[in-house]
Amino acid sequence: MKNSYYSLNNYFKEKFGKKIYKVSLDGGFTCPNRDGKVGYGGCIFCSEKGSGEFTARREKTISNQIEEQLKFLNRKIGNSPVIAYFQNFTNTYANVDYLRKIYLEALSHPRVIGIAIATRPDCIDDDILTLLEEINQKYFLWVEFGLQTSNNEIAEVINRGFNFELYQNIALKFNKKNIKFVTHMIIGLPFENIESIFKTADDIIKSNSWGIKIHSLYILKNSPLSKLYENTPFWIPTLKEYCNIVTKILKRLPEKMVVHRLTGDGLKDEVFAPLWSLNKKVVLNTITKKLREF
């Protein structure tokens, strides 16, 4: 039985021979699930910053954002090369000329060895796919999809705005182009059960996703999700339950699927529940311990 997992750090050390860090950038995007193209309000778990609490300031150029982040992280990362991470909102939700401009601007920075792009499968058209293929042939690239669940009924509850079948179709296209993609899943979504959680994990595995991000659901104060919970309380995993579930998912993963994340990050003053999610170190240590026990 596996008592460990293939982390992003493991992958970086194998590929680059050293630890690589990410700098989070704001490309000035919004989301089709906020501006009315698909819906309004965004996914009910998403923050006002589009899950980009740790990104640089969007009023600055991409180059200046990278410099700002490098200065902020200097004590931690020194002169290490970095991945430019377009993180918050939907980072392919623009015309292809603008996307080319900002992606190549990031890649032109001397410390940047590749880019990561967080987006949605409904924001990948043929022109954007061609651009990503061009970049992938010359640079190190991965793309992240916020799937969260493969259950279409729960996807409607969280106001995701696209169905699982669309994700499957885009995954096929990415696999044919040999473009690496990472799939996000959330544990503890409203009205989801254990069976559905494991099915999502298995569906991500079947999609041949290069990597996976496993998030714990955390409820932000005064959010649509908090209002839903107050009106119709749903199951929120305890720390023990969450770590047991994550451990079982890790045991199911292919040996070389890259694990990018094992829990969520919320700002302390904004999280309503579960409060255990605020202690990332305890969560990760508990998962590591349970992996040894299983």
I would like to know whether Asn88 and Leu25 meet side chain to side chain contact (heavy atoms under 4.5 Å, CB included); could you show each step before the answer? CA-CA 8 Å; Asn88 56 330; Leu25 309 176; over 6 Å; no
For Thr247 and Asn244, what are the C-alpha separation, side-chain angles and deciding distance, and is it a side chain to side chain donor-acceptor pair (under 3.5 Å)? CA-CA 5 Å; Thr247 300; Asn244 279 338; 5.5 Å; no
Report the C-alpha distance between Cys31 and Arg120 in whole Å, list the side-chain angles of each, state the deciding distance to 0.1 Å, and finish with yes or no for side chain to side chain contact (heavy atoms under 4.5 Å, CB included). CA-CA 9 Å; Cys31 176; Arg120 297 162 53 95; 3.8 Å; yes
Could you please spell out the steps behind the side chain to side chain contact (heavy atoms under 4.5 Å, CB included) verdict for Tyr139 and Ile115? CA-CA 8 Å; Tyr139 304 97; Ile115 60 173; over 6 Å; no
From CA spacing to verdict: side chain to side chain contact (heavy atoms under 4.5 Å, CB included), Tyr21, Leu73: CA-CA 9 Å; Tyr21 296 86; Leu73 296 169; 5.7 Å; no
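Annotation: side chain to side chain donor-acceptor pair (under 3.5 Å) contacts of Asp202 (sequence neighbours excluded): Arg252. Asn163 meets the side chain to side chain contact (heavy atoms under 4.5 Å, CB included) test with Asn152, Glu165, Leu166; sequence neighbours excluded. A search for salt bridge (Lys or Arg N to Asp or Glu O under 4.0 Å) contacts involving Glu133 returns Lys177, not counting sequence neighbours. Every residue two or more places apart in sequence or in another chain was checked for a salt bridge (Lys or Arg N to Asp or Glu O under 4.0 Å) with Glu195, and none qualifies. With sequence neighbours left out, Asn193 forms a side chain to side chain donor-acceptor pair (under 3.5 Å) with no residue at all.
Proximity of Ile187 to His215: side-chain heavy atoms (C-beta onward) are nowhere separated by under 4.5 Å. Inter-residue side-chain proximity for Tyr218 and Leu225 is flagged as unmet; no heavy-atom pair is nearer than 4.5 Å. Side-chain contact check for Val143 versus Thr92: every heavy-atom pair is 4.5 Å or farther apart. Put simply, the side chain of Lys18 reaches to within 4.5 Å of the side chain of Pro81, judged on heavy atoms. When side chains are defined from C-beta on, Asn33 does not count as touching Phe89, because their heavy atoms never get closer than 4.5 Å.
Panel note: side chain His109, backbone Arg111; a donor-acceptor pair is recorded below 3.5 Å. Checked by atom type and distance alone, the side chain of Thr200 pairs as donor or acceptor with a backbone atom of Ser196 at under 3.5 Å. With hydrogens and angles disregarded, a donor-acceptor distance shorter than 3.5 Å links the side chain of Glu241 to the backbone of Thr238. In this structure, Asn159 contributes its side chain and Glu156 its backbone to no donor-acceptor pair below 3.5 Å. Of the possible polar contacts, none joining the Thr232 side chain to the Tyr229 backbone as a donor-acceptor pair under 3.5 Å is found. With hydrogens and angles disregarded, no donor-acceptor distance shorter than 3.5 Å links the side chain of Gln148 to the backbone of Ala155. No donor-acceptor pair under 3.5 Å is formed between the side chain of Glu270 and the backbone N or O of Lys221. Ser209 contributes no side-chain N or O that, together with a main-chain N or O of Ile205, makes up a donor-acceptor pair within less than 3.5 Å. Using modelled atom types, no side-chain atom of Thr286 and backbone atom of Cys243 make a donor-acceptor pair closer than 3.5 Å. In this structure, Asn175 contributes its side chain and Ser207 its backbone to a donor-acceptor pair below 3.5 Å.
Other residues, nucleotides and ligands contribute only 12 or fewer heavy atoms inside 6.0 Å of the NZ atom of Lys248. The 12-atom threshold is exceeded at NZ of Lys180, counting heavy atoms of other residues, nucleotides or ligands nearer than 6.0 Å. The environment of CG in Asn95 is crowded: more than 12 heavy-atom neighbours from other residues, nucleotides or ligands sit within 6.0 Å. Enclosure of atom CD in Glu153 is not indicated, since only 12 or fewer non-hydrogen atoms of other residues, nucleotides or ligands lie within 6.0 angstrom. Dense packing is recorded around CG of Asn74, with more than 12 heavy atoms of other residues, nucleotides or ligands lying under 6.0 Å away. Atom CG of Asn231 sits in a crowded spot, with more than 12 heavy atoms from other residues, nucleotides or ligands closer than 6.0 Å.
Thr149 pairs in a side-chain hydrogen bond (donor to acceptor under 3.5 Å, both in side chains) with only one of the listed residues (Lys199, His184, Glu192), which is Glu192. When each of Leu250, Val283, Thr288 is checked for a side chain to side chain contact (heavy atoms under 4.5 Å, CB included) with Leu262, only Leu250 meets the rule.
For the atom pair Glu67 CD and Lys60 NZ, the distance stands at 10.0 Å (nearest 0.5 Å). The distance from atom CD1 of Ile124 to atom CG of Leu129, rounded to the nearest 0.5 Å, is 7.0 Å. Atom OG1 of Thr119 and atom OH of Tyr93 lie 10.5 Å apart (nearest 0.5 Å). One distance of note links NZ of Lys213 with CG of Leu147; it measures 14.0 Å at 0.5 Å rounding. In this structure, Ile102 CD1 and Asn91 CG are separated by 7.0 Å, a value rounded to the nearest 0.5 Å. Annotation: the span from Thr90 atom OG1 to Lys37 atom NZ amounts to 10.5 Å, rounded to 0.5 Å.
Hydrophobic clustering keeps Val38 apart from Phe164 (ILVMFWY residues linked when any side-chain heavy atoms are closer than 4.5 Å, directly or through intermediates). Put simply, Tyr40 and Ile158 are part of two different groups of oily side chains (I, L, V, M, F, W, Y) that touch within less than 4.5 Å, one to the next. Residues Val96 and Ile170 share a hydrophobic cluster, clusters being chains of Ile/Leu/Val/Met/Phe/Trp/Tyr side chains in contact below 4.5 Å. Linking ILVMFWY side-chain heavy atoms closer than 4.5 Å, directly or via other members, places Ile128 and Leu172 in two distinct hydrophobic clusters. In the hydrophobic cluster analysis, where Ile, Leu, Val, Met, Phe, Trp and Tyr join through side-chain heavy atoms closer than 4.5 angstrom, Ile212 is grouped together with Phe198.
Summarising the geometry of Pro274 relative to Val271, their closest heavy-atom pair is O-CG1, 4.1 Å, with the distance given to 0.1 Å. The nearest pair of heavy atoms linking Gly27 to Ile62 is CA-CD1, 4.3 Å. When all heavy atoms are compared, the tightest approach of Pro190 to Leu217 is CD-CD2, 4.5 Å.
Between the side chains of Thr61 and Asn64, a donor-acceptor pair is found at a separation under 3.5 Å. A donor-acceptor contact under 3.5 angstrom links the side chains of Ser216 and Thr263, judged on distance only.
Aromatic ring centres of Tyr167 and Phe162 lie farther apart than the 6.0 Å criterion allows. Ring-centre distance between Phe86 and Phe29: not below the 6.0 Å cut-off. Centroid-to-centroid, the aromatic rings of Tyr242 and Trp276 come within less than 6.0 Å.
Other members of the hydrophobic cluster containing Phe140, listed by chain and number, are Tyr6, Leu8, Tyr11, Phe12, Phe16, Ile20, Ile83, Ile113, Trp142, Val182, Trp210, Val258; membership follows side-chain contacts under 4.5 Å among ILVMFWY residues, whether direct or relayed.
Tyr98 does not carry Arg100 over the face of its six-membered ring by the limits of under 6.0 Å from the centre and within 45° of the normal.
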